[in-house]
Amino acid sequence: MLDRWPVLKEVLHLLMPMVLTLTLELSISMVDTLMLGNYSPYHLAAVGLASSLWTPVGCFLMGITFGLTPLVTRHLHGRQMKMVNIYMSQTLGVCLTVGLLAALTVAFILPHFAMMMATEEETQRVSAQYLQILAPAIPALAFTVGYKNLFEAAGRPNFPLIAAAIGLLMNAGLNYLFIYGNFGFPEMGAAGAALASTISIYFSITLFFVYDKFFSPKTLFTKIKTKYLFKFGILLNVGLPAGLAFSFEIGLFSSMTWLISSFGDLAIGAGQIIMSYTSLLFTPLMAMSAVTAIVVAKSLSKEGVEGVRKRMRVIVGLGLVYVFVCFVVTQTFNETIPTFFSSDPDIIAMAAGLLIISSAYQVADMLQTVFTGGLRGFRDTRFSMIAFAISLFVLCLPLGYWLAHFSPWATELNVRGFYIGLGSGLALLSLLLILRFRFVVNRALKRKIKYEEAGVVA
């Protein structure tokens, strides 16, 4: 038991600041929901619909930058800083090229889907406007995530925490000005929330650059390697499957908004409350995934498979404790939580019922998140992409749609059927990822034994 304390200390050193950082970053969405929920139910529904459309696109791009973590971790701790510049230059190139395509998609294609899915004219107009204003921030958001991954992989998670806190405060202040039209600013509603987010994202990336270049004790990204700006094959090899997997993961949740739109705009509003609340709970799990990728990549090069196993046991144990607390809190206060997001009694009642179901699949969600990070630490990202696709398209969506519309219990379940399907998809996903991780670990162990028998140092 005592040998786990150094591992626990190592994990918590990274985990606690990263949890706070992600909490602050995702709180931007929650702040938008809180402010718009008390502004207009249709503006709340518009942001929920717009977010469900742009988030998978944005997360695909951000997920590509996740490939940076296992690539730079070894070089940062092995003092090969020149390789860090190459990988960061590749990340910048990806954000400029793929990011531009993503921004154009959000600005000119997704608004048409929003207008088809919303039933109220006001919701259609506002959601399209929200997407068009937010689109230019997509490339900057992805590179900010890349910079954050670099600092965290270097074992320096404190500045990303400071940057996230400043970004949240700026976003809340700008929301107050632009949503409600205070202090002489125009009253823009949901469009004001999009403008506030865009300004905050560009300010955050400026903070990272200025700090790393002029104030950091040791600059991490010292020089742009122009030769590698558009030669990002190595990053894409690891990052592209990770980006698709992350996009599918977010798609599991965003698809709920698309599917429940057939039940009306109030159902979309309730779904946005669930998204905001579960995103907040999901924040520590995302941090655990990132920490897992870092410590697995680091321990694999220094201690081997046994070091990986020790750290995985500690991280999974922490995850189980966390999701148990979340389950108790959500089950106890399911009728109170929605009142913080909306004053509409119909939205509150619908969201309260959905919270009970969403709290039941937290264990599966934790397991799939942690083992996705573990596989990323091994640079094994393709299987995660396939597993997410199977869970989303083969089980989650068909089952949820059948339960909500065609099953013998469809009248009683309605919107809740989609969330039961979501929980089933996450359960299958976690099982697939655990089996894959065991296979990868055993394969690495056999390789090590083979090297030792041959008298070669692995």
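Side chain of Ser127 to main chain of Ala46: no donor-acceptor pair is present (N/O by atom type, distance under 3.5 Å, no hydrogens or angles).
The nearest pair of heavy atoms linking Thr369 to Leu285 is CG2-O, 3.0 Å. Considering all non-hydrogen atoms of both residues, Gln368 and Asp365 come closest at NE2-OD1, 2.8 Å. Minimum heavy-atom separation, Ser51 to Pro56: O-CD, 4.2 Å. Taking all atoms of both residues into account, the shortest heavy-atom contact from Leu281 to Pro284 is O-CD, 3.2 Å. Listed here is the closest heavy atom pair of Gly271 and Tyr419: CA-OH, 3.8 Å. Here the closest heavy-atom approach between residue Val323 and residue Val363 is recorded as CG2-CG2, 3.8 Å.
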Fill in: CA sep, side-chain torsions, deciding dist, call: Leu375, Thr381, side-chain contact (heavy atoms from CB on, under 4.5 Å)
CA-CA 6 Å; Leu375 289 171; Thr381 54; over 6 Å; no
Item to complete: Please lay out, stage by stage, how Leu428 and Val394 fare under the test side-chain contact (heavy atoms from CB on, under 4.5 Å).
Response: CA-CA 10 Å; Leu428 173 63; Val394 178; over 6 Å; no
Practice prompt. Would you check, one step at a time, whether the test side-chain contact (heavy atoms from CB on, under 4.5 Å) holds for Ile337 with Ile273?
Written response: CA-CA 9 Å; Ile337 292 166; Ile273 290 175; 5.6 Å; no
Worksheet item: Under the side-chain contact (heavy atoms from CB on, under 4.5 Å) criterion, do Phe437 and Met312 qualify, and how do the steps go?
Response: CA-CA 11 Å; Phe437 185 80; Met312 289 299 294; 3.6 Å; yes
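Side-chain contact, Thr330 with Tyr277: a donor N or O sits under 3.5 Å from an acceptor N or O.
Residues that satisfy the side-chain contact (heavy atoms from CB on, under 4.5 Å) test with Arg382, not counting sequence neighbours, are Asn237, Pro241. For Ser424, there are no side chain to side chain donor-acceptor pair (under 3.5 Å) partners, not counting sequence neighbours. In this structure, the side chain to side chain donor-acceptor pair (under 3.5 Å) partners of Thr123, at least two apart in sequence or on a different chain, are Asp265.
Considering only heavy atoms from C-beta on, Phe378 comes within 4.5 Å of Val308 through its side chain. Counting heavy atoms from C-beta on, the side chains of Glu306 and Lys310 never come closer than 4.5 Å. Side chains of Arg376 and Ser384 form no contact here, defined as non-hydrogen atoms less than 4.5 Å apart. Two residues are said to be in side-chain contact when any heavy atoms from C-beta on lie closer than 4.5 Å; Ile356 and Gln331 meet this criterion. Counting heavy atoms from C-beta on, the side chains of Phe143 and Phe208 never come closer than 4.5 Å. Looking at Arg311 and Glu10, their side chains come closer than 4.5 Å, going by heavy atoms from C-beta outward. With a 4.5 Å cut-off on side-chain heavy atoms, Tyr211 and Tyr147 do not count as touching. Side-chain contact between Arg436 and Phe371 is absent, with no heavy atoms from C-beta onward closer than 4.5 Å.
Using cut-offs of 30° and 60° on the angle between ring planes, the pair His405 and Tyr401 is tilted.
For the atom pair Ile109 CD1 and Phe113 CZ, the distance stands at 7.5 Å (nearest 0.5 Å). Atom CG of Leu367 and atom CG of Leu433 lie 9.5 Å apart (nearest 0.5 Å). Rounding to the nearest 0.5 angstrom, the gap separating the CD1 atom in Ile434 from the CG atom in Leu429 is 9.5 Å. Taken to the nearest 0.5 Å, the CE atom of Met366 stands 12.0 Å off from the CG atom of Leu426. The structure places CD of Glu120 at 4.5 Å from OH of Tyr42, a figure rounded to the nearest 0.5 Å. To the nearest 0.5 Å, the span separating CD1 on Ile166 from CZ on Phe203 amounts to 6.0 Å.
Environment of CE in Met16: sparse, with no more than 12 heavy atoms of neighbouring residues, nucleotides or ligands closer than 6.0 Å. For Glu187, the CD atom counts as densely surrounded, since its 6.0 Å shell holds more than 12 non-hydrogen atoms of other residues, nucleotides or ligands. The local environment of CZ in Arg443 is crowded, with over 12 non-hydrogen atoms from other residues, nucleotides or ligands closer than 6.0 Å. Around the CD atom of Glu121, the shell of radius 6.0 Å holds no more than 12 heavy atoms that belong to other residues, nucleotides or ligands. Environment of OH in Tyr176: sparse, with no more than 12 heavy atoms of neighbouring residues, nucleotides or ligands closer than 6.0 Å.
Pairs engaging residues 43-68 under the ring-ring contact (aromatic ring centres under 6.0 Å, His included) rule: Tyr39-His43, Phe66-Phe246 [sequence neighbours left out].
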Let me have the donor-acceptor pairs involving side chains of residues 190-202, under 3.5 Å, with sequence neighbours excluded, atom names and distances please.
{"from": "Ser197", "atom 1": "OG", "to": "Asn171", "atom 2": "ND2", "distance (Å)": "3.3"}
{"from": "Ser197", "atom 1": "OG", "to": "Ala193", "atom 2": "O", "distance (Å)": "3.1"}
{"from": "Thr198", "atom 1": "OG1", "to": "Ile133", "atom 2": "O", "distance (Å)": "3.3"}
{"from": "Thr198", "atom 1": "OG1", "to": "Ala194", "atom 2": "O", "distance (Å)": "2.9"}
{"from": "Ser200", "atom 1": "OG", "to": "Asn171", "atom 2": "N", "distance (Å)": "3.4"}
{"from": "Ser200", "atom 1": "OG", "to": "Ala196", "atom 2": "O", "distance (Å)": "2.9"}
{"from": "Tyr202", "atom 1": "OH", "to": "Pro136", "atom 2": "O", "distance (Å)": "2.6"}

Output side-chain donor-acceptor pairs under 3.5 Å for residues 149-159, partner residues at least two apart or in another chain, one line each.
{"from": "Asn149", "atom 1": "ND2", "to": "Thr65", "atom 2": "O", "distance (Å)": "3.3"}
{"from": "Asn149", "atom 1": "ND2", "to": "Val145", "atom 2": "O", "distance (Å)": "3.3"}
{"from": "Arg156", "atom 1": "NH1", "to": "Lys218", "atom 2": "O", "distance (Å)": "2.9"}
{"from": "Arg156", "atom 1": "NH2", "to": "Ser216", "atom 2": "OG", "distance (Å)": "2.4"}
{"from": "Arg156", "atom 1": "NH2", "to": "Lys218", "atom 2": "O", "distance (Å)": "3.4"}

